[in-house]
Amino acid sequence: MTEPVLDVHLTPEDAAHALRADVRAGLTASPKWVSPKWFYDAVGSALFEDITRLPEYYPTRAEREVLGDRASEIAATTGAHSLVELGSGSSEKTRLLLSALREHGTLQEFVPQDVSVSALTDAAHAIMADYPGLRVHGVVGDFTQHLSLLPGESPRLVAFLGGTIGNLIPEEREKFFRTVRDVVQPGEWLLLGTDLVKDEQTLVRAYDDAQGVTAEFNRNVLNVLNREVGGDFDVESFEHVALWNAEREWIEMRLRAKRDMRVTLADLGLTVEFRAGEELRTEVSAKFREGGVRRELEDGGFSLHRWWTDTEGRFAVSLARAV
């Protein structure tokens, strides 16, 4: 087996610089925040895989159901030569698309993008072993910064799955769609996974499971800050909070200080005060409606071509075409 091609646009030094800048901006803001992109060290990534198997966490199963039902239709509609996956991780659900495109006879190249060199390399080798003869061209980069550098032979199908689009606030989503549109050619495709608005209880339970796995995942971001920027967070002195913001139609994950604390981040020369009960926002996860997704896609230069949901109407996968 030949080695995958790997373009590295985000070095460990770049990531460290971005982390320091984000942490300084977020912890000196009011209210305080930390970007969810820093959840995914090795421990955080493993915990998230555990979350996807929890009974309360429906999005992964629901999206997989849709892709399992519709992958052949997606392949026939797009005739894609290249599948580009943003934030690919382990690329598990992508195999449904790869298999359908290969069976359709058009697939020539897979372009996974991720911030982690090791995760991307492992995923690329696994894909090459399971799909002999498929070219794999990995891109180490941040989908918020390096989209313009994505390769791939036209026609391309760009997949952004998992509901990750919901981690972006509306202004960031607007920029994302326009940047993707600048990258692709007219007639190329965007496949988007979006979690849908539903009852508050179902949504909150998905982000606050009975076993406490999501709580551990959330608190682990403080371990990342302790390790990467010389922090001295007392991790267990923060409790996990998941709230539904009905006005904005998103879930907010927060960490709430159980007591007054003074936290030092030595590498930043920064000391931060937390009052008992003060909350640090770590993630938003927006939920969507079909009309809103259609409008955002159209504003970004795409036309919604197909809209599919799982049988319970919890999660949508949409196929849009660049106009």
Side-chain angles (χ1 to χ4, degrees), residues 22-23 26-27 29-41 43-64 87 89 161-170 172-173 193-226 233-259 261 263 272 274-289 292 310 312-316:
D22 264 7
V23 171
L27 293 185
S30 182
K32 298 180 179 70
W33 57 269
V34 172
S35 171
K37 71 173 67 173
W38 309 117
F39 279 137
Y40 298 97
D41 65 346
V43 173
S45 296
L47 285 168
F48 184 71
E49 289 300 313
D50 291 341
I51 288 170
T52 64
R53 293 186 284 268
L54 292 169
E56 298 97 330
Y57 195 78
Y58 61 85
T60 301
R61 293 187 299 276
E63 185 177 50
R64 187 179 291 119
L161 301 173
T164 307
I165 188 69
N167 294 148
L168 306 180
I169 62 175
E172 293 170 332
R173 296 200 301 268
T194 49
D195 196 7
L196 301 178
V197 174
K198 56 187 66 66
D199 67 280
E200 180 176 351
Q201 182 180 16
T202 298
L203 286 165
V204 172
R205 286 178 64 231
Y207 292 84
D208 194 9
D209 62 278
Q211 297 180 47
V213 181
T214 310
E216 186 179 356
F217 170 75
N218 195 12
R219 282 193 293 266
N220 183 64
V221 76
L222 302 182
N223 291 322
V224 173
L225 302 191
N226 284 347
F233 281 96
D234 180 359
V235 176
E236 294 306 314
S237 290
F238 287 83
E239 62 181 332
H240 168 67
V241 178
L243 299 171
W244 171 240
N245 186 322
E247 180 182 356
R248 294 183 176 270
E249 295 192 325
W250 67 35
I251 286 282
E252 293 186 14
M253 288 211 315
R254 306 175 184 175
L255 291 169
R256 179 182 295 151
K258 297 179 182 178
R259 58 180 176 84
M261 280 176 274
V263 177
V272 181
F274 284 88
R275 303 180 312 278
E278 184 177 357
E279 294 176 344
L280 170 69
R281 193 179 77 183
T282 54
E283 182 179 78
V284 300
S285 184
K287 308 307 170 186
F288 297 88
R289 302 175 188 270
D310 65 297
E312 294 184 42
R314 300 166 297 177
F315 195 98

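Note that this is a predicted model, so its numbers are computed, not measured.
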(Q) Please give me the minimum heavy-atom distance between W250 and A286, naming the atom from each residue. (A) CB-CA, 3.4 Å
Q: Quick one: which residue pairs count as a salt bridge (Lys or Arg N to Asp or Glu O under 4.0 Å) with a foot in residues 234-244, not counting sequence neighbours?
A: D234-R259, E239-R256
Q: Tell me, with the steps shown, if L54 and V213 meet side chain to side chain contact (heavy atoms under 4.5 Å, CB included).
A: CA-CA 9 Å; L54 292 169; V213 181; 3.9 Å; yes
Q) Hey, what do you get for OG1 (T60) to CG (L161), rounding to the nearest 0.5 Å? A) 10.5 Å
Q: With sequence neighbours excluded, give me every salt bridge (Lys or Arg N to Asp or Glu O under 4.0 Å) pair touching residues 200-211.
A: none
Q.
Applying side chain to side chain donor-acceptor pair (under 3.5 Å), can you list everything that pairs with Q211, at least two apart in sequence or on another chain?
A. none
Q: Could you note down all residue pairs passing salt bridge (Lys or Arg N to Asp or Glu O under 4.0 Å) where residues 51-64 supplies at least one of them, sequence neighbours left out?
A: D50-R53, E63-K93
Q. Would you say the side-chain atoms of S285 pair up with the backbone N or O of G166, donor to acceptor, closer than 3.5 Å?
A. no
Q) So, E49 side chain and A46 main chain: donor-acceptor pair closer than 3.5 Å or not? A) no
Q. About how many Å separate CG of L47 and OG1 of T52, when rounded to the nearest 0.5 Å?
A. 11.0 Å
Q | For S237 against M261, the heavy-atom pair lying closest together | A | O-CE, 3.5 Å
Q) So, R173 side chain and L168 main chain: donor-acceptor pair closer than 3.5 Å or not? A) yes
Q: For residues A206 and T214, report the shortest heavy-atom separation together with the two atoms involved.
A: O-OG1, 4.3 Å
Q: Determine, step by step, whether F217 and H240 satisfy the side chain to side chain contact (heavy atoms under 4.5 Å, CB included) criterion, reporting the C-alpha distance in whole Å, the side-chain angles of both residues, the deciding distance to 0.1 Å, and the verdict.
A: CA-CA 9 Å; F217 170 75; H240 168 67; over 6 Å; no
Q | Reported CD1-to-NZ distance for the pair I251 and K287, which is rounded to 0.5 angstrom | A | 6.5 Å
Q. Are side-chain heavy atoms of V34 and L27 found at a separation under 4.5 Å?
A. yes
Q. At their closest point, which heavy atom of V224 faces which heavy atom of W38, and how far apart are they?
A. CG2-O, 3.7 Å
**Q.** Test ring-ring contact (aromatic ring centres under 6.0 Å, His included) applied to F233 - qualifying residues, sequence neighbours left out
**A.** F238
Q) Would a 4.5 Å heavy-atom cut-off, applied to side chains only, mark N218 and Y207 as touching? A) no
Q) Please walk me through it: do L222 and V263 pass side chain to side chain contact (heavy atoms under 4.5 Å, CB included)? A) CA-CA 11 Å; L222 302 182; V263 177; over 6 Å; no
Q.
So which atom in S35 and which in D22 form the shortest heavy-atom distance, rounded to 0.1 Å?
A. CB-OD2, 3.5 Å
Q: Kindly compute the distance separating CE (M253) from OG1 (T282), expressed to the nearest 0.5 Å.
A: 4.5 Å
Q) Would a 4.5 Å heavy-atom cut-off, applied to side chains only, mark R289 and E249 as touching? A) yes
**Q.** Residues forming a side-chain contact (heavy atoms from CB on, under 4.5 Å) with K198, sequence neighbours excluded
**A.** Y58, D195, L196, T202, L203, R314
